[in-house]
Amino acid sequence: MKKLNRGLRAVLAAAAFAISLPASAHITFENKEVEAGRLVKFVLRIPHGCAGSATTAIRIAIPDALSGVTPEAKPGWTLSAATADATPVHVAAASNGTGGLQAKEIGWTGGRLENSHHDEFIFSATVSARAGTIYVPVVQECEKGVERWIEIPSNGGSSEDLKHPAPSVRVQP
Amino acid sequence: MKAVAAIFAAIIVLGSCTGSAFAHATLITAQPADGAVVPVAPEAVTLRFSEPVRPLVARLIHPGGHTEILKDIGDRGSVVVLTLPPNLERGTHILSWRVASSDGHPIGGGLLFSVGAPSAVAPQAVEQSDLPVRIGLWSGRFMLMLGLIVGVGGVAFEALIGRSGSVRQSRIVRGSLFLGLVATPALIGFQGLDALGESVPALTRSDVWSTGLWATSYGRSTLLAATALVLAYAAGEAGRTRFGLCLAAVAPLLVGVAVASAGHASTASPRYLTVPAVFLHAVSVLLWIGALVPLGMVVARGDAAASVVLRRFSSVIPVIVGVLALSGLLLAVVQVQTIPALWNTNYGLVLLAKLALVFALFLLAALNRFYLTAPAIAGDASATRRLTRSIGTEIALATAIIAVLGLWRFTPAPRAIAANPALFEAQEVHAQKDGVSANLSIHPPIVGPVRIEVRDLNLDGKPFKPASVSVDLDKPSYGIGPFTRDARLVEGEGYLADGFVLPLDGFWIVRVTVLVSEFRSVTLIDIFDVRNSVPTKAG
């Protein structure tokens with residue numbers, strides 16, 4: 001029995017490896033796994049602009065599974081944050097590090113990121129979910145056009161049909 | 001029990017890999033652009049991607065319906081230049097391309113361009129593959145399925161249930177594995193011929209093979225099936241070791257993945273139901289029908305282990321048949337949707353034929369289970385004889401069912417429009433997902449220019465106004481498309497998307513992406529059954 005289990009586990013590991021090959025063309029988080037209940041620094045990687053056009057804004061909808069969001073300031077970009085009822089939040093309050101900000105949407109606007117350059121946008125948040133996968137919808141605005149990285153696969157599985165998947169992290173209990 | 005849990009975990013993992021999202025390259029621009037009308041025939045189509053890609057295959061469908069493989073493909077990293085044949089005729093041309101991302105994952109797309117002006121009428125229906133190709137395709141599929149069911153299923157039975165029977169693997173099971181492996185390359189070749197509308201002599205051309213492998217969604221699933229055959233063969237070689245048992249258990253699951261990764265059944269919505277249903281249907285067919293040959297032989301041989309094996313088989317079979325029947329019922333309901341479709345569509349007719357055979361098979365199985373198994377276990381010689389004969393009949397029926405499955409490619413061309421005009425005006429389906437529902441319709445459901453309408457769009461049961469709606473049409477089984485168009489709002493009508501030209505009849509997958517809010521989109525997926533408009537001589 002034990003050996004059989006080990007064999008199956010090896011197969012599972014191989015399958016898991018095969019499906020976790022690195023992603024490159026999509027917007028993703030650098031951290032793939034986060035710990036439940038912890039304050040985590042999320043590093044959002046932007047690999048390119050929208051269909052060849054330079055990025056001018058990144059806006060993020062904060063899911064219910066994250067709380068106390070604080071976006072990190074970035075030279076050349078203006079921070080913004082808003083609560084669920086679209087009330088703007090003072091960014092000074094956002095950067096005081098207490099994690100008390102109840103923003104449901106954060107953004108970096110007014111900057112410029114060339115299409116061929118990649119960059120990272122960072123925010124911290126407390127993970128309130130205990131398990132599962134957290135999907136974080138991102139809207140990438142460009143000089144010409146918008147890319148919406150907001151598609152969430154149905155029923156936990158992932159899907160080939162998704163052209164613009166929302167970046168996600170797995171929660172480790 | 002732990003082993004059972006591990007097997008279930010494997011089912012879930014393997015089941016979920018069927019649709020795992022790899023990051024792929026995306027098309028940034030095309031020159032000429034999709035839908036462009038150009039005054040003079042362009043010399044080439046230039047595709048610019050977000051990252052370096054490797055071109056696999058590109059096909060041009062001319063306004064007359066003739067399909068051509070573009071041979072001259074230049075790639076410079078992320079830019080692919082497809083040289084078009086000289087002197088393109090006036091009218092709408094349809095280009096379908098497949099490229100491999102840097103991770104090796106094939107992605108595809110399609111675009112239309114018109115020289116002079118768009119064609120007013122349908123491309124004169126792409127010539128159907130000729131009869132030898134359709135026969136080859138059907139036989140290849142039949143042989144592969146026989147190999148999978150009798151071979152892989154037989155190995156699984158011998159390893160998991162018949163384990164106290166004779167150690168020697170039966171020759172039929174081994175032969176079936178071999179048959180399946182021989183059928184695999186033939187099937188890939190015929191899939192290529194079918195997708196290109198070529199005839200048998202073209203098998204010598206390499207583009208036919210690369211089309212069979214890469215351009216259609218069947219290529220990958222055929223390879224997965226071949227892998228399952230090899231695993232099952234290795235399981236037979238490894239014999240009764242733990243490793244062998246493990247291989248014998250994984251091989252049927254791999255077949256389930258192969259079947260669930262291609263074909264229209266797993267594309268129908270709701271996918272979270274249909275993909276596992278297709279997977280379970282395939283695995284349970286394998287375990288049931290695959291058991292019949294080795295079981296029949298054990299019973300016929302009448303060796304000492306027969307009663308043990310029979311008892312074990314009859315205790316697990318109700319579960320397997322239950323899963324089979326439930327998943328089959330679910331798929332039939334999802335696919336046929338309306339009762340008249342059973343006799344109005346080719347798919348429905350083939351399904352009816354299959355159901356009749358399945359019903360007979362169920363009757364026989366019940367007879368065996370409830371009247372013959374107990375006396376045979378007790379050692380009644382005449383019951384054993386009748387059981388052997390009955391299992392033989394079951395095997396024959398099962399073979400007939402497998403044979404019927406690929407038949408819809410042979411069903412007569414649809415009746416002329418005049419015979420039943422209503423069928424050709426529009427086809428409507430109701431799709432819903434994540435609280436969004438809508439009626440999707442295609443006007444007309446015939447090869448050629450079509451319009452897609454999205455009506456009665458509701459969010460949580462209430463009408464709402466989305467930020468945008470886009471529609472794409474795709475025929476992955478032939479590697480054509482997807483073609484994407486934005487839908488425009490027409491007050492009082494709904495959202496309309498036009499500018500599609502469908503070059504081929506059969507199942508087309510429609511995906512409607514509704515942008516509910518800035519950060520939330522929902523994609524409704526369904527299938528249209530598109531017909532050929534050519535009046536048939538047979539009438």
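Throughout, a chain's letter reflects where its sequence line sits, starting with A, and its residues are numbered from 1.
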Study note, to complete from the structure: Smallest heavy-atom separation, B:Phe519 atom then A:Pro137 atom, equals O-CB, 3.6 Å
Practice item. Could you tell me which portion of B:Thr484 (side chain, backbone, both or neither) has an atom closer than 4.5 angstrom to a non-hydrogen atom of chain A? Key: side chain
Review point. Nearest 0.5 Å, what's the OG1-CZ distance between B:Thr513 and A:Arg148?
Key: 12.5 Å
Point to revise | A:Arg59 CZ to B:Glu518 CD distance, which is reported to the nearest 0.5 Å | key: 4.0 Å
**Study point:** Least distance between heavy atoms, B:Thr523 atom then A:Glu151 atom
**Key:** OG1-OE2, 4.0 Å
Point to revise | Pairs of heavy atoms under 4.5 Å with chain A: top-ranked of B:Leu27, B:Val522, B:Leu515, B:Asp434 | key: B:Leu515
Study note, to complete from the structure: Distance col, row A:Asn115:CG vs B:Ile28:CD1, nearest 0.5 angstrom, shows 6.0 Å
